[in-house]
Amino acid sequence: MKEVNRNTTAWELENIREGDTISLHNGKCGEVVKIQIIPCKGQKQYFYKLKNDGTIFIIK
């Protein structure tokens, strides 16, 4: 299981793949089924759709 938060490096966020299990500090966790990375105004928005528990969203 990979722990992610706003301090996770962009390199680590880029290396998360579908099928990986990730968790957020608030207790939300699950298997990644879809990844969407959107560049926006010099930042990147990372959306990780989880199998059973919604979405984890991180701006980097």
Side-chain angles (χ1 to χ4, degrees):
M1 180 176 296
K2 298 178 182 180
E3 178 77 29
V4 294
N5 58 44
R6 62 186 179 103
N7 297 323
T8 304
T9 65
W11 183 82
E12 291 174 304
L13 293 172
E14 297 278 345
N15 284 316
I16 294 173
R17 301 287 177 241
E18 292 179 9
D20 289 350
T21 301
I22 61 173
S23 67
L24 194 59
H25 60 84
N26 67 359
K28 186 178 279 195
C29 66
E31 180 183 340
V32 177
V33 293
K34 184 175 180 183
I35 300 170
Q36 187 173 15
I37 301 171
I38 301 172
C40 181
K41 298 179 183 177
Q43 299 178 335
K44 285 188 178 180
Q45 299 176 351
Y46 296 86
F47 293 89
Y48 300 101
K49 175 73 175 134
L50 304 179
K51 188 173 185 176
N52 296 322
D53 197 29
T55 303
I56 291 178
F57 169 62
I58 298 175
I59 296 176
K60 198 65 174 169

Any chance NZ of K2 has more than 12 other-residue heavy atoms, nucleotides or ligands included, within less than 6.0 Å? yes
Please check this pair: side chain of K34 against backbone of F47, looking for a donor-acceptor N/O pair closer than 3.5 Å. no
In this structure, CD of Q45 is separated from CD of Q36 (nearest 0.5 Å) by 9.0 Å
If I compare all heavy atoms of E18 with all of I35, which pair ends up nearest, and what's the gap? N-CD1, 3.8 Å
Over all heavy atoms of both residues, which pair between L13 and Y48 is shortest? Give the atoms and the distance, please. O-OH, 2.8 Å
Are E14 and K44 ion-paired here, with the side-chain N under 4.0 Å from a carboxylate O? yes
Quick one: OG1 on T9 to CG on N15, what's the gap to the nearest 0.5 Å? 8.0 Å
Distance check, rounded to the nearest 0.5 Å: L24 atom CG versus T55 atom OG1? 11.5 Å
Evaluation steps, side chain to side chain contact (heavy atoms under 4.5 Å, CB included), between V32 and L50: CA-CA 5 Å; V32 177; L50 304 179; 4.2 Å; yes
Here the gap from E31 atom CD to K49 atom NZ, rounded to the nearest 0.5 Å, amounts to 12.5 Å
Starting at CD of E3, measure out to CD of E12 and round the result to the nearest 0.5 Å. 11.0 Å
Verdict with reasoning, N5 to I58, per side chain to side chain contact (heavy atoms under 4.5 Å, CB included): CA-CA 7 Å; N5 58 44; I58 298 175; 5.9 Å; no
Examine I56 and I37 and state if one hydrophobic cluster contains both, with Ile, Leu, Val, Met, Phe, Trp and Tyr joined whenever side-chain heavy atoms are less than 4.5 Å apart. yes
Please report the shortest heavy-atom distance between K60 and R6, naming the atom on each side. NZ-O, 3.0 Å
